[in-house]
Amino acid sequence: MEKIFGNIINGIEETGGERIELKSPVDGSLIGYIIDTDKDTVERAIQSSRAAFNKFYPMSTIKSRQELIGKLADIVQEKATIYADLESKNTGKTIRQSTFMDIPLAISHIRYFAETDEFKFQRKITHPEYPGTEGIVQNAPMGVVASIAPWNVPFLMAVWKIIPPVLAGNAVVIKPSHYTPLTAIELVKDMKAAGFPDGLVNLVNGTGRTTGNFLVNSDHVDMVSFTGSTPTGSRIMEQAAKNITKVSLELGGKSPNIVFADADLDHAVKGVIFGIFLNAGQLCESASRLIIEESIMDKFLQKVKIYLDSMKSGNPMDFETDISAITTKEQKEKIESLISQTVKSGGNIFYSKNMQGTPDNGTYFPPTLLTGLTPGQQISDEEIFGPVLTVYPFKSEKEAIDLANSTKYGLAAGIWTKDIEKAGRVASMIEAGTVWVNEYHLLSAAAPRGGFKKSGIGRELGLEGILEYTQTRHIFYGNNESGMSDVAYGILIKTE
Ligand code: NAD
C-alpha cells in the first residue's frame, strides 16, 4: 500500500494534494510520498498557528511551556530507536550515527530547553536620565515563525527550529526539506501527544520553490528562521524585505581545521577525519579544509590515509558501517562535477576510498583527499558538502590564520595544538562563529552558534538563540512624585 506522509495542520494529518516521491538514498527504494503543499494550504497553516498563538501565549508561562517541552523529551526518548531508524533510511546516514549521536543529541537539546533558567521574560531597569522612574524590558515573542530546514540533519534541525521559538512563546509553521521530512513529521505528531495545543506547531511539506516560497512571501508570518545554503538564504532575505519580516539565517560553511606541528598528532588525525567524514561531509560546519603545518604534512597525510583505509564502507543500516550515503542524487552530481573540474585544473587526488559493499541503487561517494590546491580555486572557496578534504600547507601562524579566513564563509573552525596560549591567540583571529580547540563538531545547546560573513545572520541555541525569537518591548513607568514630568513638559507648557 502507498504510504503518504501528510502535513500536520491544527493537530490533524492531511494527505490531499500534489505528491512528491520520497526515495531512500540507502538503496533507492521508495519510502512513500509527501505533499507539495499549495499556497492556500500554507496560508491556512499560518492562520491556524496565529489562532493558537493568540489563544495559548497569554495563558502560558515559561514554566508551563517548559513542562510540555520536558514531556516531549520523554516521549522522543521512549521512541529513540524508531527515530534513529527513520532518520537513517531517509538520509542515508549510518544507523550508528543516528542511534548514538543525532537522536540522543537532539533529545539532550530538547531537555536543555525544558530545563534552562537562562531565559527571562523580563527585567527591571532604572533610567539614569530620569531619577525616580523605573522601566520593564520585556522579551516578547515574535508571533508566528516560519521555520525552514535543510536535509542534512533533519531531526536535530527540526528540534532547533521548533523548540526555542516555542519556549520564547511563539507559534511555528515548519517546512522540512522535501528530501528528508520523516523525523520532523514524527516530532510534530509527538508534540500533540505531549499536550501542546493543536495548531501551535503546524508542519507543511513541499519544495522550496513552492511551499517554502509561499511561506516566506506570506504577509502573515512575523519571522523567517532559515537554515540552508547561502544562495537560498540570500534569496529569502530579499523576499522577506518586502514585508520587513525579521530573518535569522544559518547558512553554509567552508570550515578549516588548522593542525600545528606541536599538536598531539594521533588525536588530531582522528579529529580531522571526524571533522570532514562524519555524515559524509554533509554538515554545515564540516571541516572541509585541512590547513597543516608544512613540516608535518607528509607524515600527517599518511596517518589520515591509514585511518581512511580502516573505515568500513557498506550498507549504512548495518551497525558496522562507518560511511554514510550522500542524501540526494543532485548533491552527488554536484560533488562529482566539482572534483572533475578540480582535477582538470591541476588538483591532485591524493586518496579515494574503495566503497565496496554499498547497496546497489544507493547514492554513495568515496571519501577523497585532494592536494596541490591554492586558495581562490573553486574547490577551495565553494562549499562541497560531501566527503572531500582539501589540503593546504602553511609555514607561519599568520599564514595559517590568513588561509583559514580566505573564504567568504565563517561558520566554524578547529585548532589543534598543545600550546593553549597559541590556540587562544589564533582562535581570536578566526572569522567564525564557533572555534573548537583540540575538538570538532561537539555541539552544546548552551552555546550560541551561527555564522560570520556569508555563513549567516543571527544565532541558534544558547540564550542568544532563544532571544533571536523575541522582540524587545520597553515599558516606562512614570513617577509623579519625582517631578521629572513637570521639568520635561515645561518645554511645551510653561507653568508657574
Ligand atoms: P537549501 O538552501 O537548498 O534548502 C534549505 C531549505 O530551504 C529546504 O527546506 C528548501 O526546500 C528550502 N528552500 C529552497 N529554496 C527556497 C525558497 N526560495 N524559499 C523558501 N524556502 C526555500 O539547502 P539544503 O541543500 O537543503 O541544505 C544544505 C545547506 O544547508 C548547506 O549549504 C549547509 O551548509 C546548510 N546548513 C547550514 C546549517 C547551519 O546551522 N549553518 C545547518 C545545516 C545545513
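One-based numbering, in listed order, for ligands and for the atoms of each.
For Trp416 and Tyr440, the ring centers are positioned 6.0 Å apart or more. Taking the six-membered ring wherever Trp is involved, the centroid distance between the rings of Tyr33 and Phe5 does not fall below 6.0 Å.
Residue Arg449 touches ligand 1 through its side chain alone, judged by heavy-atom distances below 4.0 Å. Of all the heavy atoms of Gln331, none lies under 4.0 Å from any atom of ligand 1, so neither backbone nor side chain is involved. When heavy-atom distances to ligand 1 are checked against a 4.0 Å cut-off, Val216 comes that close only through its side chain, counted from C-beta outward. Neither the backbone nor the side chain of Val153 comes within contact range of ligand 1; no heavy atom lies under 4.0 Å. Contact annotation: for Ser455 versus ligand 1, there are no heavy atoms closer than 4.0 Å. The proximity of Leu251 to ligand 1, defined as any non-hydrogen pair under 4.0 Å, is limited to the backbone. Residue contacts with ligand 1, taken as heavy atom pairs separated by less than 4.0 Å, do not involve Leu215 at all. At a heavy-atom cutoff of 4.0 Å, ligand 1 is contacted by the side chain of Phe385 but not by its backbone.
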Report task. Please lay out, stage by stage, how Asp190 and Tyr83 fare under the test side chain to side chain donor-acceptor pair (under 3.5 Å). Result -> CA-CA 11 Å; Asp190 283 340; Tyr83 272 98; 2.6 Å; yes
Query raised in the report: Going through the distances and angles, do Ser29 and Asp27 end up as a side chain to side chain donor-acceptor pair (under 3.5 Å)?
Result: CA-CA 6 Å; Ser29 60; Asp27 56 8; 2.8 Å; yes
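Ion pairing between Arg459 and Glu250 fails under the 4.0 Å rule for side-chain N and carboxylate O. Look at Glu14 and Arg44 and you find a salt bridge, because one of the NZ, NE, NH1 or NH2 atoms lies within 4.0 Å of a carboxylate O, short of that distance.
In this structure, Arg96 forms no cation-pi arrangement with Phe319, as its terminal cationic atom is not both closer than 6.0 Å to the ring centre and no more than 45° off the ring axis.
Nearest protein heavy-atom neighbour of atom 21 (N) of ligand 1: Gly212 CA, 3.6 Å. Here the protein heavy atom with the shortest distance to atom 35 (C) of ligand 1 is Gly228 O, 3.2 Å. Of the protein's heavy atoms, Glu383 OE2, 2.5 Å lies nearest to atom 34 (O) of ligand 1. Ranking protein heavy atoms by distance to atom 24 (P) of ligand 1, first place goes to Trp151 NE1, 3.5 Å. Residue, atom and distance of the protein heavy atom nearest to atom 13 (N) of ligand 1 are Gly208 CA, 3.3 Å.
Distance check: Leu370 CG to Ile339 CD1 gives 4.5 Å after rounding to the nearest 0.5 Å. One distance of note links CG of Leu187 with CG of Leu182; it measures 12.5 Å at 0.5 Å rounding.
For a threshold of 3.5 Å applied to N or O pairs, the pair formed by Gly206 and ligand 1 contains no separation below that value. The distance criterion of under 3.5 Å between nitrogen or oxygen atoms is not met by Trp160 with respect to ligand 1.
Remark: side-chain polar atoms of Ser218 are not paired, donor with acceptor, to backbone N or O of Phe214 under 3.5 angstrom.
In this structure, Ser177 is part of the shell of residues with a heavy atom less than 4.0 angstrom from ligand 1. Within the structure, ligand 1 has Phe226 among the residues with a heavy atom less than 4.0 angstrom away. Within the 4.0 Å heavy-atom cutoff, Ala149 counts among the residues contacting ligand 1.
Every residue two or more places apart in sequence or in another chain was checked for a ring pair (Phe, Tyr, Trp, His ring centres under 6.0 Å) with Tyr409, and none qualifies.
Annotation for ligand 1: atoms under 4.0 Å from non-hydrogen atoms of Ser229 are 1 (P), 2 (O), 23 (O), 29 (C), 30 (O), 32 (O). Ligand 1 places these atoms under 4.0 Å from at least one heavy atom of Ile148: 6 (C), 7 (O), 9 (O), 12 (C), 20 (C), 21 (N). Numbered from 1 in the order shown, with element, the atoms of ligand 1 that lie under 4.0 Å from a heavy atom of Leu411 read 41 (N). Of all atoms in ligand 1, listed by their number and element, those nearer than 4.0 Å to a heavy atom of Thr227 are 5 (C), 36 (N), 37 (C), 38 (C), 39 (C), 40 (O), 42 (C), 43 (C), 44 (C). Against a heavy-atom cut-off of under 4.0 Å, Asn213 is close to the following atoms of ligand 1: 19 (N), 20 (C).
The heavy atom nearest to atom 27 (O) of ligand 1, considering only Cys284, Pro150, Gly450, is found in Pro150. When the heavy-atom distances from atom 16 (C) of ligand 1 to Asn152, Val224, Thr232, Leu156 are ranked, the shortest goes to Thr232. Which of Lys254, Lys175, Arg209, His178 comes nearest to atom 10 (C) of ligand 1 through a heavy atom is settled by distance: it is Lys175.
Side chains of Asn90 and Thr180: a donor-acceptor N/O pair is absent below 3.5 angstrom, by distance only. With hydrogens and angles left out, the side-chain atoms of Thr230 and Lys454 include no donor and acceptor closer than 3.5 Å.
Closer than 4.0 Å to atom 4 (O) of ligand 1 lies none of the heavy atoms of the protein.
Thr211 is not listed as a side-chain neighbour of Asp38, based on a closest heavy-atom distance of 4.5 Å or more.
Annotation for Glu18: atom CD does not count as buried by contact number, only 12 or fewer foreign heavy atoms lying within 6.0 Å.
Between Ser313 and Thr358, the shortest heavy-atom contact is CB-CG2, 4.5 Å.
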